[in-house]
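Chain identifiers are assigned alphabetically (A, B, ...) following the order of the sequence lines, protein sequences preceding nucleic acid strands; residue numbering begins at 1 within each chain.
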Amino acid sequence: MSMMDVDVQPPTQLTAIASPQLADGLATLPMLIPLNGAVVNGNSTLPTEPPCETVYVQNLNESVTMNTLKQTLTNLFKNYGEVLDVVAHHNLRMRGQAFVSFADPEAAAKAVKEVDRFPLYGKPMKLSFAKTRSDAVVQKLDGTHMEEYKAERMERKKRARADNPLRRKAQARLKASAGDGTAPQAGRRIVQMPDEYLPPNKILFLQNLPDSTTLDQLQMLFSQYPGLHEVRLVPTKKDIAFVEYVDENAASTAKDALHNYRLDGEAKMKVTFARK
DNA sequence: AGCACA
């Protein structure tokens, strides 16, 4: 339903690779082994992106609600492997970003390669590997060392804070100028953006309505959510309709509430943002 | 721009 009805890269079959073995003796904090690619000496050697299990996503459309965002990201990324967790925050510092954790670093690598620049909700996502492992991954690797891991993470944070910020700025600049000659446009094979990933719109698009659906019925249903402007049926097609709200936020609320609602107790109606 | 998770 999600990615399948359009021409999108099919789910990647990945053979499971051996997870890092906790060598018997020295395995106190196996997950703290630095994700390779550490900076060697301040200037010349740039860190190569480490094969972290977690993908760091930037440039997300910030007007999408947290729930739909997480849901959508899970749906999208599970095409590349088992998704353990999706973490996103709405606060000033963290909005527009998300962390998608895979069980398998190869799945993450595949996702970074193929999904980078994919336009989700109207904005091309920037994908890279997370700097640190996520809790979900650590849990999976070795749930028993969670507490120690968190303690260690605190330490790292402190050290980072003490670290000279100027040096980091310089590194960032270097990196920006270095890469970026031929980043392949992701999503080349997509002939049409799936409805689910369209950017917010004050107009909603309803699909899969039962034949018996009436205008009154829809008005009744959608007026439960504030800001309803108008419901429009499509004379030639009984199974679809448009519902317009005063703004995107209002529409978004109604959409989240009524997507998959069963009007007749049977079929689920699909509610997405309309195409512009 | 911005690398979190209690």
Side-chain angles (χ1 to χ4, degrees), chain A residues 29-39 46-74 76-78 82-105 107-109 111-113 115-180 183:
Chain A
L29 296 174
M31 51 299 204
L32 287 183
I33 294 162
L35 299 163
N36 49 16
V39 178
L46 289 175
T48 51
E49 295 287 13
C52 181
E53 300 85 349
T54 300
V55 174
Y56 175 52
V57 187
Q58 286 170 287
N59 199 38
L60 291 164
N61 190 322
E62 297 176 14
S63 64
V64 178
T65 61
M66 216 34 61
N67 280 339
T68 12
L69 183 65
K70 287 184 187 174
Q71 190 58 60
T72 307
L73 288 174
T74 315
L76 174 66
F77 281 102
K78 73 177 176 215
E82 184 192 352
V83 173
L84 296 182
D85 198 14
V86 175
V87 173
H89 298 278
H90 188 65
N91 62 49
L92 190 55
R93 181 151 165 260
M94 286 299 123
R95 63 184 49 171
Q97 303 149 75
F99 297 85
V100 179
S101 304
F102 288 94
D104 177 345
V112 167
K113 198 170 183 181
V115 184
D116 185 36
R117 295 175 175 230
F118 179 90
L120 183 67
Y121 296 119
K123 302 187 67 183
M125 295 183 281
K126 302 269 178 298
L127 299 212
S128 55
F129 295 98
K131 286 178 181 163
T132 60
R133 270 208 247 264
S134 62
D135 288 357
V137 172
V138 175
Q139 285 279 10
K140 174 110 181 176
L141 286 181
D142 182 1
T144 62
H145 288 311
M146 202 54 200
E147 293 314 311
E148 297 160 71
Y149 175 71
K150 284 184 181 173
E152 171 69 15
R153 194 173 59 200
M154 284 289 114
E155 289 307 309
R156 291 191 151 217
K157 234 181 187 172
K158 277 186 190 167
R159 261 188 287 128
R161 212 172 295 281
D163 201 356
N164 182 356
L166 291 176
R167 167 168 295 189
R168 290 203 244 158
K169 279 238 171 93
Q171 280 172 18
R173 204 167 299 126
L174 231 178
K175 185 175 182 177
S177 62
D180 194 279

For atom [atom1] of [X] and atom [atom2] of [N], their distance in whole Å:
| X | N | atom1 | atom2 | result |
| --- | --- | --- | --- | --- |
| A:F99 | B:dC3 | CZ | C1' | 4 Å |
| A:K70 | B:dC5 | NZ | P | 11 Å |
| A:E62 | B:dG2 | CD | C1' | 10 Å |
| A:Y56 | B:dC5 | OH | P | 13 Å |
| A:Q58 | B:dG2 | CD | P | 8 Å |
| A:N59 | B:dC3 | CG | C1' | 16 Å |
| A:Q97 | B:dA4 | CD | P | 9 Å |
| A:L92 | B:dG2 | CG | P | 13 Å |

Closest to side chain of A:A130, choosing from B:dG2, B:dC5, B:dC3:
B:dC3
Kindly indicate whether the side chain of A:F102, heavy atoms from C-beta on, has any atom under 4.5 Å from the side chain of A:D85.
no
If you define the side chain from C-beta out and look only at heavy atoms, does anything of A:S101 sit under 4.5 Å from A:E53?
no
To the nearest 0.5 Å, what is the distance between CG (A:L69) and CE (A:M66)?
6.0 Å
Suppose we screen for ring pair (Phe, Tyr, Trp, His ring centres under 6.0 Å). Which residues come up paired with A:Y56, at least two apart in sequence or across chains?
A:F99
At less than 4.0 Å, is any side-chain N or O atom of A:R93 found next to OP1 or OP2 of B:dC3? Yes or no.
no
